[in-house]
Number of protein chains: 2
Amino acid sequence: MVRAGLTTERVVRAAADLADIVGLDSVTMSALARSFGVKDASLYSHIKNVSELRERIALLAAEEIADRFGAAVAGRSGKDALVAFADAYRTYALERPGRYAATQLQIDPALAAESAGARHKIDLTYSMLRGYGLAEPDLTDAVRLLRSTFHGFVSLEAGGGFGHPRDLGASWERAVEALHIALENWPASGSRTSGRRRTS
Amino acid sequence: MVRAGLTTERVVRAAADLADIVGLDSVTMSALARSFGVKDASLYSHIKNVSELRERIALLAAEEIADRFGAAVAGRSGKDALVAFADAYRTYALERPGRYAATQLQIDPALAAESAGARHKIDLTYSMLRGYGLAEPDLTDAVRLLRSTFHGFVSLEAGGGFGHPRDLGASWERAVEALHIALENWPASGSRTSGRRRTS
DNA sequence: CAAAAAACCTAGGGGCCCTAGGCAGAAAAC
DNA sequence: GTTTTCTGCCTAGGGCCCCTAGGTTTTTTG
């Protein structure tokens with residue numbers, strides 16, 4: 001009987017591809033086993049359970065994302081870097097929806113330690129913001145703002161949450177510009193009721 | 001044999017409460033039936049299937065949200081309205097995580113037609129932005145920016161996506177302020193590379 | 001080539017989703 | 001007030017999924 005040649009890495013890669021096609025929730029051990037032409041029990045020597053499978057998809061995605069984002073911002077700064085970063089973010093999320101969805105999972109710390117590429121993604125966001133001259137805690141607040149808007153937009157877009165006929169790419173560009181403006185005019189601390197821009 | 005007194009509404013309400021406790025994905029027909037002390041087959045006279053159950057949770061949530069948001073912005077305008085709206089948004093999402101998660105589902109149009117309160121929520125966002133003097137398509141872009149940031153933030157927060165020790169409430173306040181600034185200095189059309197604020 | 005290790009298997013238990021069809025309590029009709 | 005009808009909940013059962021235990025066959029290794 002010819003063997004399928006399963007390894008953890010090959011299984012995870014196939015699972016990621018499957019996730020991009022049928023959605024992360026539909027990545028089941030059974031479906032994955034079928035795609036390899038083996039029985040589901042056979043997968044359990046490579047993957048502990050279905051949660052670990054999905055978390056490993058997330059780790060794979062994190063590495064790919066770090067690569068893409070790094071390439072996108074390399075040699076750019078300021079608004080150019082922001083736009084490139086943002087576009088790389090959205091492109092990845094739309095091209096690889098299953099992988100992207102996996103990145104939102106809680107990862108078991110023991111597993112995350114194996115492939116430490118996960119944290120790298122956040123670091124890139126921080127370094128991209130250097131150009132705006134923010135200091136902590138504003139820097140963290142700004143990183144959170146960017147992550148929130150990016151993640152919110154692409155997840156609403158992917159989920160069909162935007163019903164209006166207005167072109168989504170155009171709305172995205174304007175959103176990124178608006179963020180750029182917000183970063184350039186970052187509010188001074190403790191101004192919840194006043195709120196006029198500073199002179200950047 | 002004493003009956004449980006199931007109705008569609010009571011079942012959905014219990015499902016929503018269950019979702020807030022155990023998470024939307026763990027709202028199963030079996031678990032729900034157990035909570036009523038009936039067999040799962042008994043639920044199918046009130047609810048077509050588990051998808052419809054979750055969508056009905058979303059409709060319930062949409063009504064509650066419309067109420068809360070309406071109350072939050074009533075009598076306010078400009079930044080006050082934005083802050084009140086934002087805080088109402090985040091509060092609801094954190095207080096009722098299961099219901100909130102349901103609002104991100106795709107709803108069957110036939111079902112949505114029954115309880116038309118769903119669309120109301122978007123209208124509120126539009127009307128809240130009136131004060132910033134935006135015209136279409138900028139208005140839609142701005143609504144999408146707000147929805148993206150709000151949804152992104154609370155979903156990252158709920159999913160434990162923010163690891164930094166910086167206080168989340170403070171980051172939220174700054175994010176809302178930053179959005180306010182972006183709205184006041186909304187970029188002029190077609191300025192992807194220039195990008196200086198206009199004089200509001 | 002023999003032994004050890006790895007890859008894949010069968011068997012089986014438990015949970016969830018959902019359909020079909022039955023019976024008994026409650027409401028409606030007379 | 002009885003009979004009829006309706007409805008609420010039931011049992012039975014099939015399908016898919018997750019996962020464990022333990023066996024067999026292939027590959028690797030000394």
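Letters A, B, ... are given to chains in the order of the sequence lines, protein chains preceding strands, and every chain is numbered from 1.
Taking atom CZ on B:Arg54 and atom P on C:dC16, their separation rounds to 12 Å, with Å as the unit. Whole-Å rounding puts the A:Lys39 NZ to D:dT25 C1' distance at 16 Å. Rounded to whole angstrom, the span from the CD atom of A:Glu52 across to the P atom of D:dC19 amounts to 10 Å. Distance B:Leu6 CG to C:dA26 P: 14 Å, rounded to the nearest Å. When rounded to the nearest whole Å, the span between CG of B:Leu32 and P of C:dG15 equals 17 Å. A:Leu43 has its CG atom 18 Å from the P atom of C:dA6, to the nearest Å. When rounded to the nearest whole Å, the span between CD1 of A:Ile47 and C1' of D:dT20 equals 17 Å.
Closest to the B:Tyr44 side chain, of the nucleotides C:dC9, C:dC17, D:dG8, is C:dC17. In this structure, the nucleotide among C:dC17, D:dC17, D:dC9 sitting nearest to the side chain of B:Met29 is C:dC17. With distances taken from any side-chain atom of A:Asp40 to the nucleotides C:dC8, D:dC10, D:dC18, the minimum falls on D:dC18. Closest to the side chain of B:Val38, from the set D:dC17, D:dC9, D:dC19, is D:dC9. Minimum atom distance to the side chain of A:Ala41 is reached by D:dT20, of the listed C:dC17, D:dC10, D:dT20. Taking every side-chain heavy atom of A:Val50 into account, D:dC19 is the closest of C:dC18, D:dT11, D:dC19.
Cation-pi check for A:Arg144 over B:Phe162 is met; the charged atom lies under 6.0 angstrom from the ring centroid and within 45 degrees of its normal.
When all heavy atoms of B:Arg174 and A:Trp186 are compared, the closest pair comes out as NH2-NE1, 3.6 Å.
Note on A:Ser42: a side-chain N or O is less than 4.0 Å away from OP1 or OP2 of C:dC9. One finds a side-chain N or O of A:Arg34 lying less than 4.0 angstrom from the OP1 or OP2 phosphate oxygen of D:dC17. For the pair B:His46 and D:dC9, the criterion of a side-chain N or O lying under 4.0 Å from OP1 or OP2 is met. Residue A:Ser30 places at least one side-chain N or O closer than 4.0 Å to OP1 or OP2 of D:dC18. Between C:dA6 and A:Ser45, no contact under 4.0 Å exists linking OP1 or OP2 to a side-chain N or O.
Using a 4.0 Å heavy-atom cutoff across all strands shown, A:Ala31 reaches no nucleic acid atom at all.
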Dump the intermediate steps for side chain to side chain donor-acceptor pair (under 3.5 Å) on B:Ser155 and B:Tyr100, then the final yes or no. CA-CA 9 Å; B:Ser155 89; B:Tyr100 179 78; over 6 Å; no

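Using a cutoff of 4.0 Å between basic side-chain nitrogens and carboxylate oxygens, B:Arg34 and B:Asp40 are not scored as salt-bridged. One finds a salt bridge joining A:Glu95 and A:Arg68 here, because a Lys/Arg side-chain nitrogen approaches an Asp/Glu carboxylate oxygen to under 4.0 Å.
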